[in-house]
2 protein chains.
Amino acid sequence: MAKQKARLKDIAQKTGYGTNTVSLALRGSTRISAAAREKIAKAALELEYVPNHIAKSLVSRRSNTVGLILHEITNPILTSAAEKIQLTLASSGYGVLFATSNGNFEAELRAIEMFRSRMVDGLLIYPLLHAKLDHLKRLRQQNFPVVMLVGIEDSGIDAVGIDEYAGAYDATRHLIEEGHSRIGALMTPQYQTALKYNGYTAAMASARSAAYRSRYAATPSV
Amino acid sequence: MAKQKARLKDIAQKTGYGTNTVSLALRGSTRISAAAREKIAKAALELEYVPNHIAKSLVSRRSNTVGLILHEITNPILTSAAEKIQLTLASSGYGVLFATSNGNFEAELRAIEMFRSRMVDGLLIYPLLHAKLDHLKRLRQQNFPVVMLVGIEDSGIDAVGIDEYAGAYDATRHLIEEGHSRIGALMTPQYQTALKYNGYTAAMASARSAAYRSRYAATPSV
DNA sequence: ATGAAAGCGCTAACAG
DNA sequence: CTGTTAGCGCTTTCAT
């Protein structure tokens with residue numbers, strides 16, 4: 001915490017006001033005269049005042065910070081999601097504490113513990129898929145906000161996820177609409193993939209029946 | 001800051017000790033009797049006590065947190081560096097606040113400001129290369145620890161970087177030692193690439209002269 | 001419109 | 001070995 005140069009008190013002394021007046025003024029309260037607000041803002045600038053969010057957190061009991069845990073960082077879709085998350089949160093004044101569990105469950109637990117002691121307001125996590133979710137459920141029971149970045153069935157934990165079925169369906173439709181008809185799908189034996197496969201087959205099936213109907217419409221058989 | 005359930009004071013009441021005794025005990029001070037330490041540890045566990053790092057930071061004046069700013073997150077070498085950084089820092093008890101500047105200088109400035117108000121102990125940054133470095137220099141002048149993740153000449157700011165020359169040299173040597181002799185290099189017109197090119201040519205040159213010498217040694221000419 | 005005082009949860013002197 | 005008192009920087013009643 002590279003020594004804070006100026007505190008509320010310093011600018012209070014410099015301007016002759018009380019610390020609370022300064023606090024209010026800096027936050028733009030109209031309870032303070034415009035003249036005072038201006039004078040105070042000027043002094044703050046001169047002293048290069050940087051508000052101490054730590055102190056503010058202690059009293060407000062919210063850190064305005066969320067924890068983000070990714071179990072791997074090599075996945076570009078995850079990192080780009082992380083970027084979006086950070087940017088969005090930043091625009092609302094939230095900071096993000098970040099950690100990788102590096103495929104290690106113990107590391108995930110330590111990261112969570114560390115985030116909690118840093119009083120994060122909530123946790124965003126892409127957990128190790130094979131790990132038990134008990135630790136997350138426990139957090140939920142303690143009424144601690146947790147949302148997973150991947151949907152896991154019946155976990156009882158909030159999650160945002162990818163609609164694998166719709167994604168595959170739309171992608172397949174797109175190809176079909178571009179005029180392609182021989183469309184294959186490369187799959188791996190995973191749950192998410194199965195969902196994608198269903199989307200793919202559904203799109204193919206609907207295309208076939210559409211083609212069937214149009215054939216009879218366009219070139220009526222004798 | 002999802003309401004903290006138990007505070008030092010709570011476990012103090014439950015055990016009958018004073019808060020400072022509890023504080024010391026929890027930190028394993030030998031100034032506290034083993035019996036007391038054990039009793040206190042047990043109570044802390046029962047109350048699911050989570051230390052409030054925020055309060056600790058306020059008094060210790062160090063957040064044990066560093067800020068990490070990357071101007072892009074799509075670059076896998078950057079993200080894997082970020083992972084290493086986070087893991088290393090975590091093992092020393094440090095947290096990392098993360099932000100992307102998203103190629104936007106203003107965003108970089110805002111991120112820095114936010115980190116400062118969150119009292120980060122230092123800043124790790126991969127800045128926008130074309131941006132002026134004045135803001136970082138100013139931080140240095142205020143004696144705020146900053147290190148860049150890319151070396152920029154004469155910036156006066158600490159930096160860790162890649163030894164492009166040595167890397168290319170070693171890679172080329174490696175191929176040579178594996179017996180290859182026709183080694184090409186694909187380059188783009190950038191400063192870093194030029195350094196790599198020099199490493200490559202140096203390795204090639206030394207291999208040629210070595211081959212020259214060995215030819216005369218192994219098959220002396222008549 | 002502004003000031004005084006209390007307190008957030010914790011650590012750090014001093015006492016005993 | 002353990003308790004008491006301050007105080008970190010800020011916000012928040014409650015006065016004035």
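In this text the structure is predicted, and so the values were computed from the model without any measurement. The chains referred to below are lettered A, B, ... by the order of the sequence lines, with proteins before strands, and numbering in each begins at 1.
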How close or far is atom P of D:dC8 from atom CZ of B:R118, stated in whole angstroms?
23 Å
Result for 5'-nearest mapping on DNA chain D, choosing between A:K9 and B:S33, is B:S33
Toward the 5' end of DNA chain C, by each residue's nearest nucleotide, B:H53 or B:R31
B:H53
Side chain of A:L58 (C-beta onward), nearest among D:dC8, D:dC10, C:dC8:
C:dC8
Expressed in angstrom and rounded to an integer, what is the separation of A:I54 atom CD1 from D:dC8 atom P?
16 Å
side-chain N/O A:R61 vs C:dG9 OP1/OP2, d < 4.0 Å
yes
For C:dT11, does OP1 or OP2 lie under 4.0 Å from any side-chain N or O of B:S23?
yes
Rounded to whole Å, the CZ-P distance (A:R27 to D:dG9) equals 17 Å
Check the distance between D:dT12's P and A:L8's CG and give it to me in whole angstrom.
12 Å
Strictly below 4.0 Å, N to O, side chains only: are A:D170 and A:R173 in salt-bridge contact?
no
Any side-chain N or O of B:R37 less than 4.0 Å from the OP1 or OP2 oxygen of D:dC1?
no
Donor-acceptor pair present, B:N20 side chain and D:dT4 base, under 3.5 Å:
yes
Does the A:D121 side chain pair with the main chain of A:N64, one donor and one acceptor, at a distance under 3.5 Å?
yes
Just N and O in the side chain of B:Y17: are any of them under 4.0 Å from OP1 or OP2 of D:dT4?
no
Consider the side chain of B:T19, meaning its heavy atoms from C-beta on, and name the nucleotide among C:dT11, C:dG9, D:dC10 that approaches it most closely.
C:dT11
Given 3.5 Å as the limit, does a donor-acceptor pair link the side chain of B:R116 with the main chain of B:V120, or not?
no
Calculate the interatomic distance between A:L24 atom CG and D:dT12 atom P; express it in whole Å.
8 Å
Closer than 4.0 Å, any side-chain N/O of B:R7 to the OP1 or OP2 of C:dG9?
yes
Tell me whether B:K42 is salt-bridged to B:E46, with the criterion being a basic N under 4.0 Å from an acidic carboxylate O.
yes
What is the distance from CD1 of B:I11 to P of C:dG9, rounded to the nearest Å?
15 Å
Side chain of B:T21 - closest among D:dT2, C:dT2, C:dG9:
D:dT2
How many Å lie between CD1 on B:I32 and P on C:dT11, as a whole number?
13 Å
note: B:N64, atom CG; C:dT11, atom P; distance rounded to Å ~ 12 Å
Hey, is the side chain of A:Y49 poking within less than 4.0 Å of OP1 or OP2 on D:dG9, counting only N and O atoms?
no
Side-chain donor-acceptor contact under 3.5 Å, A:R118 with A:T65
no
